[in-house]
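Some notes on the structure that comes next.
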Amino acid sequence: MFTVYLYALDTMADWEIGHVMAELNSKRFFKKDAPQVLVKIAALSKEPVKTMGGLTLIPDCLIDDIQINQNSVLLLPGANAWSESEHGAAIQKASELLLNGGTVAAICGATLALAHAGILDNRPHTSNGDGFLEMFCPTYKGKKFYVDEPAVADQNLVTASATGSLLWAKLIIKKLGVFAPETLEAWHAYFSTGKADHFFALLKTLPQD
């Protein structure tokens, strides 16, 4: 069983995690033999978190409760608050997960937090455009590993730009192996193009009762 932890912090960009959270929670397109997935909201405290869109989230657990193992996944959304030192605890947890075979998926401003910690210095990654990380992180040394794509997967690290949330979700879902390959392709094609034929193709890939 996979446990997926969404790190919730005030001002988090709630739209960036919309696709992946909806699919992992609803399981509406999971294949018949999909691994079990438990989704939890983790935070620095049990106090409510207010998103950039004004939604209120109630944490399920603390960041310290995240289990460090190969079946743990940590989602790090973008937010205006990543520069605050208290969020270093989440980045430390991300570092521990990566070293121990867990999965970390960071998008938008969270990639900058990873860059500040040196996590992006030696592995393929992306962020909010070529030059963004250098602009805001003078200690960043990963320029030669930067990939100018909306989202990039490198083994157990998935990074994305602010506009790459759909592809980011696809790469996370692929990593977990909860969709059949043809379902994942049809799902991504539909939500990236809006064409009805992809929606009907998606339905045809789903398990039949």
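Basis for what follows: all heavy atoms, side chains included, without hydrogens, waters or symmetry-related copies.
Both L184 and Y190 sit in one connected hydrophobic cluster of ILVMFWY residues. Membership requires side-chain heavy atoms under 4.5 Å apart, directly or through other members. Both I41 and M12 are members of a single hydrophobic cluster when ILVMFWY side chains are connected at heavy-atom separations under 4.5 Å. If you chain together hydrophobic residues whose side chains sit under 4.5 Å apart, V147 and W168 never meet in one group.
Counting heavy atoms of neighbouring residues, nucleotides and ligands inside a 6.0 Å radius, atom NZ of K195 does not exceed 12 of them. A 6.0 Å sphere centred on CD of Q70 holds no more than 12 heavy atoms belonging to other residues, nucleotides or ligands. Around NZ of K174, the count of heavy atoms belonging to other residues, nucleotides or ligands within 6.0 Å does not exceed 12. The number of heavy atoms from other shown groups lying within 6.0 Å of CD (E182) is above 12.
Side-chain contact check for K40 versus D65: every heavy-atom pair is 4.5 Å or farther apart. When side chains are defined from C-beta on, T183 does not count as touching K31, because their heavy atoms never get closer than 4.5 Å. Two residues are said to be in side-chain contact when any heavy atoms from C-beta on lie closer than 4.5 Å; Y5 and Q67 meet this criterion. In this structure, I173 and V178 have side chains that are in contact, with non-hydrogen atoms separated by less than 4.5 Å. The shortest distance between side-chain heavy atoms of V73 and V37 does not fall below 4.5 Å. Looking at I17 and S165, their side chains never come closer than 4.5 Å, going by heavy atoms from C-beta outward. Put simply, the side chain of E185 does not reach to within 4.5 Å of the side chain of F179, judged on heavy atoms. With a 4.5 Å cut-off on side-chain heavy atoms, I172 and V4 do not count as touching.
Considering all non-hydrogen atoms of both residues, P77 and E16 come closest at C-OE1, 4.1 Å. Across all non-hydrogen atoms, the minimal contact from L44 to I63 is CD2-CG2, 3.9 Å. Considering all non-hydrogen atoms of both residues, L157 and L98 come closest at CB-CD2, 4.1 Å. Heavy atoms only, all atoms of each residue included: T111 and T126 are closest at CG2-O, 3.8 Å. Closest approach of I66 to L97, counting heavy atoms only: CG2-CD1, 4.3 Å. Closest approach of F132 and S127 over heavy atoms only: CD2-OG, 3.2 Å.
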Original post:
Given N71 and M1, is the side chain to side chain contact (heavy atoms under 4.5 Å, CB included) satisfied, shown in steps?
Top reply: CA-CA 7 Å; N71 294 323; M1 181 181 77; over 6 Å; no

**OP:** Take F145 and L120 through the side chain to side chain contact (heavy atoms under 4.5 Å, CB included) test and state the conclusion after the steps.
**Re:** CA-CA 8 Å; F145 293 99; L120 304 183; over 6 Å; no

Subject >> Step-by-step side chain to side chain contact (heavy atoms under 4.5 Å, CB included) determination, I91 to H116 >> reply: CA-CA 10 Å; I91 300 304; H116 277 292; over 6 Å; no

Subject >> Trace of the side chain to side chain contact (heavy atoms under 4.5 Å, CB included) decision for L114 with L76 >> reply: CA-CA 10 Å; L114 294 184; L76 301 174; 4.1 Å; yes

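For the side chain to side chain contact (heavy atoms under 4.5 Å, CB included) test with C108, the passing option among T159, T163, N128 is N128; the others fail.
Looking only at atom types and distance, the side chain of D14 has a donor-acceptor partner in the side chain of T51 under 3.5 Å away.
The backbone N or O of F200 lies less than 3.5 Å from no partner atom in the side chain of D197, so there is not a single donor-acceptor pair. Using a distance-only test at 3.5 Å, with no hydrogens or angles considered, a donor-acceptor pair links the side chain of T11 to the main chain of A81. Under the 3.5 Å distance criterion, the side-chain polar atoms of Y146 are left unmatched by any main-chain donor or acceptor of G131. Between the side chain of N100 and the main chain of N69, no donor-acceptor pair closer than 3.5 Å is present.
Listed by chain and number, the residues in a ring-ring contact (aromatic ring centres under 6.0 Å, His included) with F30 amount to none (sequence neighbours excluded). The ring-ring contact (aromatic ring centres under 6.0 Å, His included) search around Y7 returns W82, H87, not counting sequence neighbours.
Taking OG1 of T139 as the start and CD of E134 as the end, the distance is 11.0 Å to the nearest 0.5 Å. Note that CZ of F199 and NZ of K204 are 12.0 Å apart. Values are rounded to the nearest 0.5 Å. How far CG of L99 is from CD1 of I68: 9.5 Å, rounded to the nearest 0.5 Å. Note that the CG atom of L24 and the CZ atom of F2 stand 10.5 Å from one another [nearest 0.5 Å]. Here the CH2 atom belonging to W187 is positioned 13.0 Å from the CG atom belonging to L206, to the nearest 0.5 angstrom. Here the CG-NZ distance, from L133 to K141, works out to 13.0 Å after rounding to the nearest 0.5 Å.
Ring centroid separation for the pair H125 and Y140 comes in under the 6.0 Å cut-off.
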